[in-house]
Protein chains: 2
Amino acid sequence: MGARRGEADEVVSAPGSAVDEPAVRERARAIPEAAVARLAVYLRVLSGMAEQSVTTVSSEELSAAAGVNSAKLRKDLSYIGSYGTRGVGYEVEVLVGQIERILGLTRKHSVCVVGIGNLGHALANYGGFPGRGFPVSALFDVDEDLIGVPVGGILVDHIEDIPRVCAEREVSIGVIATPPPAAQGVCDRLVSAGVQCILNFAPVVLQVPDHVEVRKVDLAVEMQILSFHVARRADEAAYADEGGMVVPG
Amino acid sequence: MGARRGEADEVVSAPGSAVDEPAVRERARAIPEAAVARLAVYLRVLSGMAEQSVTTVSSEELSAAAGVNSAKLRKDLSYIGSYGTRGVGYEVEVLVGQIERILGLTRKHSVCVVGIGNLGHALANYGGFPGRGFPVSALFDVDEDLIGVPVGGILVDHIEDIPRVCAEREVSIGVIATPPPAAQGVCDRLVSAGVQCILNFAPVVLQVPDHVEVRKVDLAVEMQILSFHVARRADEAAYADEGGMVVPG
DNA sequence: AGTCGCTTGTGAACGGATGCACAAAGTCGC
DNA sequence: GCGACTTTGTGCATCCGTTCACAAGCGACT
């Protein structure tokens with residue numbers, strides 16, 4: 001992902017001289033993407049614990065609840081600082097606060113949803129967003145029958161108004177839930193409206209400038225990955241049946 | 001090089017006695033998970049090309065359309081065999097067929113959706129599934145008002161009937177779109193019904209036996225990852241402005 | 001045929017993430 | 001205060017996936 005930026009033919013110096021790495025570069029922001037995803041999961045688990053008045057948790061307990069191994073959990077947490085107490089564990093409240101800080105959840109992020117079909121409706125009504133600091137503050141579609149209609153308490157605007165409305169409501173995250181052919185156009189509008197992060201549900205590869213972050217959720221791809229595993233299982237079963245496996249003893 | 005799958009316990013003979021291992025070679029289904037996900041994307045792009053009567057494509061073109069670099073694309077394709085022609089490229093039809101074969105799409109996979117709320121509705125009506133070999137053939141909920149009601153052409157059954165209905169309709173993939181508290185219970189029912197692959201939209205870490213494959217799609221997590229990037233950007237901008245760094249302890 | 005240009009397929013280097021194993025650092029009981 | 005015990009935080013080895021770079025292979029053109 002974001003590792004590579006800038007123009008290609010810039011840096012390359014001849015090997016041999018001046019190889020001194022400018023140690024200046026790295027700031028603490030070097031959290032692996034995979035770890036960020038897991039931090040979000042830990043946060044959810046921790047929030048649940050906090051609600052049940054759990055005050056302290058060990059890496060072992062938390063990792064079990066999050067479905068990872070404890071060493072990985074500790075390493076992930078170490079990326080954001082040392083907030084544990086050796087011999088005791090982590091204070092739930094502290095961890096929640098720190099993870100929220102790192103994930104940028106102390107600020108609210110306004111979200112807009114584009115494409116108010118089945119999925120768009122579901123997203124607009126999805127309780128998980130506002131509850132976790134992501135107020136859905138704008139909805140867009142092209143269908144004239146939908147414009148002005150409230151969905152989940154928000155009035156639907158026309159796609160043409162994306163730049164104006166997004167600016168007014170300070171939208172920082174755009175969610176695309178349109179049919180595939182419309183996705184790129186919507187994406188371009190969002191980008192020109194200054195939205196820098198996009199969550200794309202349309203089965204399309206979006207072209208965006210370097211400074212825009214895109215994550216995609218493709219249901220068909222997920223299903224196909226599962227299909228692959230179904231097939232692999234079937235193969236393995238057949239293979240085992242045929243006696244390819246040497247069973248000792 | 002084929003690093004083998006994790007099965008490991010194979011009979012390892014002395015390095016000198018190199019016997020040919022035809023069965024094992026055929027067994028070399030060691031395709032990285034990440035590559036599988038990309039294959040699904042290539043397949044979508046290729047299908048689009050086929051519809052536009054494109055017959056041949058180079059790794060450069062295809063990789064651009066799929067948003068990856070060409071070396072990675074070639075390596076991904078090499079996992080499934082050598083179906084390209086040097087100096088020319090790949091035949092679209094051939095590639096489509098081979099990827100479908102590897103992903104197990106030559107067989108239909110019946111899907112059931114559990115939890116017919118907003119998201120469940122969206123999934124039941126989602127056109128992308130049946131169009132790609134994933135007929136939704138069963139729906140479940142607990143709400144008595146929904147039982148027997150057709151959604152997307154399928155009647156909703158009660159969750160209690162999961163074992164019977166899934167068996168009857170040979171469901172191989174279960175999709176969980178229930179509220180979080182219900183998810184684990186539903187998951188257990190699916191597992192006991194023999195479903196081996198689960199796509200989980202509930203923000204919960206599911207506990208399943210080893211032989212069951214779970215993929216999760218967590219919208220809140222996706223949003224939080226984006227939030228992290230928003231925050232990181234803001235930090236970078238601030239850092240660039242100040243030109244210095246003081247990290248408070 | 002021979003050669004030239006193009007594209008695939010892949011060995012090997014690289015880098016990032018994972019898991020292990022242990023020292024450091026704290027608590028608890030006495 | 002001290003020693004035993006617990007749990008964190010991390011250096012290190014390992015593994016997996018990505019990227020590079022190039023030989024091998026194919027078609028086209030002379």
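Naming: A, B, ... by sequence-line order, numbering from 1 per chain.
Counting only N and O atoms by type, the side chains of A:His229 and B:Glu33 include a donor and acceptor under 3.5 Å apart.
For the pair A:Val54 and A:Leu46, the minimum side-chain heavy-atom distance is 4.5 Å or more. Between A:Asn200 and A:Arg215 the shortest side-chain heavy-atom distance does not fall below 4.5 Å.
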Which pairs would a plain distance check flag for residues 81-97 of chain B, meaning a side-chain donor or acceptor within less than 3.5 Å of a matching protein atom at least two apart in sequence or in another chain?
| residue | atom | partner | partner atom | Å |
| --- | --- | --- | --- | --- |
| B:Tyr83 | OH | B:Gln98 | OE1 | 3.1 |
| B:Tyr83 | OH | B:Arg101 | NH2 | 3.3 |

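Atom CD of A:Glu61 and atom P of D:dT6 are 14 Å apart (whole Å). When the P atom of C:dT10 is taken as reference, atom OH of B:Tyr79 falls 11 Å away, rounded to whole Å. The CG atom of A:Leu95 sits 16 Å away from the P atom of D:dT7 (whole-angstrom rounding). Nucleotide C:dA17 holds its P atom 11 Å from the CD1 atom of A:Ile31, rounded to whole Å. Computed from coordinates, the A:Gln98 CD to D:dT8 C1' distance equals 16 Å when rounded to whole Å. Atom CG of B:Leu77 and atom C1' of C:dT8 are 10 Å apart (whole Å). In this structure, A:Glu60 places its CD atom 14 Å from P of D:dG9, rounding to the nearest Å. In this structure, B:Glu33 places its CD atom 11 Å from P of D:dT18, rounding to the nearest Å.
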Anything under 3.5 Å between a protein N or O and an N or O of nucleotides 19-21 of chain C, put it in a table, one pair a line.
| residue | atom | partner | partner atom | Å |
| --- | --- | --- | --- | --- |
| C:dG19 | OP2 | A:Asn69 | ND2 | 3.2 |
| C:dG19 | OP2 | A:Lys72 | NZ | 3.4 |
| C:dG19 | O5' | A:Asn69 | ND2 | 3.4 |
| C:dG19 | O6 | A:Lys75 | NZ | 2.8 |
| C:dA21 | N6 | A:Arg74 | NH2 | 3.4 |

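For B:Tyr90 and C:dG9, the shortest distance from a side-chain N or O to OP1 or OP2 is below 4.0 Å. Look at A:Thr85 and you won't find any side-chain N or O under 4.0 angstrom from OP1 or OP2 of C:dG26. Applying the 4.0 Å criterion to OP1 and OP2 of C:dT7, one finds that B:Ser58 has every side-chain N and O outside that range.
Between B:Asp76 and A:Val57, the residue whose closest nucleotide on DNA chain D is further toward the 5' end is A:Val57.
Scanning all heavy atoms of the two residues, the minimum distance from B:Leu206 to B:Gln184 falls at CA-OE1, 3.5 Å. Residues B:Arg74 and B:Ser59 share a closest heavy-atom pair of NH1-OG, 3.1 Å. Nearest heavy-atom pair across A:Ala65 and A:Val45 is CB-CG1, 3.6 Å.
For A:Arg86, the side-chain atoms get nearest to D:dT7 when compared with the rest of D:dG17, D:dA24, D:dT7.
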